[in-house]
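What follows is a single structure, written as structure tokens, with notes after it.
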Amino acid sequence: MSAYCSRWTLRFLNRLCVSGLAKTNNKHVQHFSSQTSPSVQVCIVGSGPAGFYTAQHLLKSHKGIHVDIFEKLPVPFGLVRFGVAPDHPEVKNVINTFTQTAHLERCEFFGNVTIGSDITMEELKMAYHAVILCYGAEGSRSLGVPGEKLSGVYSAKDFVGWYNGLPANKDLNPDLSSDAVVILGQGNVALDVARILLSPVELLKKTDITQASLDSVAASKIKRVVIVGRRGPLQVACTIKELREMVNLPGTKPVLDRRDFEGIKDALKDIARPRKRLTELLMKVAMEEPSGRDAERWAAASQEWSLRFLRSPIKILPTADGKKVAGIRFAVTTLEGSGENAKAVLTGQEEEVSCGLIVSSIGYKSLPIDDGVPFDETQGVIPNDMGRVCQTPGLYCSGWVKRGPTGVIATTMNDSFETARCVLEDIDSRVLDCSMAKPGHHALRGLLEKRGVTPVSFSGWEKIDALEVTRGDEIGKPREKLLDVQEMLQLARA
Amino acid sequence: MTARFLPVTQRLITCTRSVLSAPILVRERWLLNNGRHRLFSSMTGMLRSEDKVIVNFINRDGEKITTEGKIGDSLLDVVVEKNLDIDGFGACEGTLACSTCHLIFDDDIFKQLDSATDEELDMLDLAYGLTDTSRLGCQICLKKFMNDMTVKVPEGVSDVRQAADMSKTTSGI
């Protein structure tokens, strides 16, 4: 750990430890400050941002809480490790704060434990006063069109998992030998995928992208990435930071059709600032002559990306031998209504685009964890009121499984704090009955041993972390991730 | 995680027009500051009062926190250095990759601030409760004219603990 890092993290640790006590008007602290040992046992399922931010707020606000965090993989941090793009290392700084939370005496990490199979929800409920589900969205929304299973068609979740070293996706090996790629969806994940495919290798090789993915991208023949949305420019789901990165990407030229933006200017007057600035940037690229460095860069570019609007996929077209993707057929749509709620309706026209790779980035999807936990299949969330799972006292949720798979880490942070506040309020108001002692993880260790499951502790993860950083160091990267669960487990136990 | 995780060229953090002459990363400046601390620890009492300004934070729960910060330090530096209890503040540690250090300024102070870069505005666009006088705390470095200014921490989410008494909430979000 660097000097910078430790200095910051020490200060953050200070904040975590001290600040909860410093606030004398905090009624949780007042209420429980006389207690010396933790009496409320809380379990968090999932160690991504939702899990860690929920834990952070609980531990900071209430000195009588012990939090155990369970994670299916041997390694923590969820989408911060496996979702955030490798060329966005500054977003991953949240790991420093999460690490300090994990080091608190009243917090324990249990990696390599799958809730639902290794330990049942029922067993968790018996062992803890409160169980908070923060397991995110591990599924993808499917396109529901013929050809979706053809070779060369991937979900963005798997594609991102591949370049970020998610063990389940380590053998994806997508074929990057065609010159055109179609990405379905215009959110930040779509732009992440486009950016990784088009980024100069000199930039990527300084990131924690997996070496296998880096080698693939280095050998890629891709010249053109078409990013397709069902609706128009005023409905794109990406945020401006990611769009600006695409506009400024070295060696790459944006191709936007000015006809898509005609008449949009009038709509700008009445929309909120974020959407307005985003649209203005799109219009600048589409309608103004590039100047200065942009003009030079775009003239010299060997690759391009484009945004294609008002197209809804209807069929993925196979090669002559029927084995691989050769293109995609779109229905041309038109908008009904305006603004964020505008609907795409079919016009009857169709259009085909040739491509050798399709990445479907139309959204992640949460999956049910256990029959005993309510789940809303249409919304893809656990039905809840501010994080309190409906009709299930003692059960809470945070993050994507609570509100759906959208938003940035700060969104999840706020939403996790909200859930934590509900838990604290329920402890205060005794809605959550904490009068009976609960055993917490002490009751589960035996069960895990009997079932042949060896949990990975946080110090086990730190061994993995250290090796990854050392391996990265040898090749000029911040880390080289381990891709194999068995290798992780061996290292953690060593 | 190592320092290489934060290449200096990746994101130049501003304060470009602050009393410090060159744009440097918050963390780097921290090192400088901390070095200075060690050097002059015995001279703390001798730091001239004109090197510092008073800053008032209105926290999410309406509580007023009055503290002081060194001229040239960013408001994020002040929050971290003084261990102010603002949960989740500065999640990306001042690298312009989040909007958790969002603060709301009074009109008269806001007008005197150096203008925001596109990159700061891009992140502000993702902030909760964005107002016309919103800025990111990591980008605002203390200057003399800011003495005794008051900045508001916007509420992230509706606070269930205050839901019963909305009059107590401080920001108009």
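In what follows, every chain begins at residue 1, and chains take the letters A, B, ... in the order their sequences are listed.
A/Asp87 has no carboxylate O lying under 4.0 Å from a charged side-chain N of A/Lys206, or vice versa, which leaves the two without a salt bridge.
The residue among A/Met413, A/Arg273, A/His57 with the most heavy atom pairs within less than 4.5 Å of chain B is A/Arg273.
Summarising the local packing, CG of B/Asp132 is surrounded by 12 or fewer heavy atoms from other residues, nucleotides or ligands at distances under 6.0 Å. More than 12 non-hydrogen atoms from other residues, nucleotides or ligands lie less than 6.0 angstrom from NZ of A/Lys463.
Using a 4.5 Å cut-off between heavy atoms, A/Val408 touches chain B through its side chain atoms alone. Both the backbone and the side chain of B/Leu121 have a heavy atom closer than 4.5 Å to some heavy atom of chain A.
Residues meeting the side-chain contact (heavy atoms from CB on, under 4.5 Å) test with A/Leu203, sequence neighbours left out: A/Pro200, A/Pro250.
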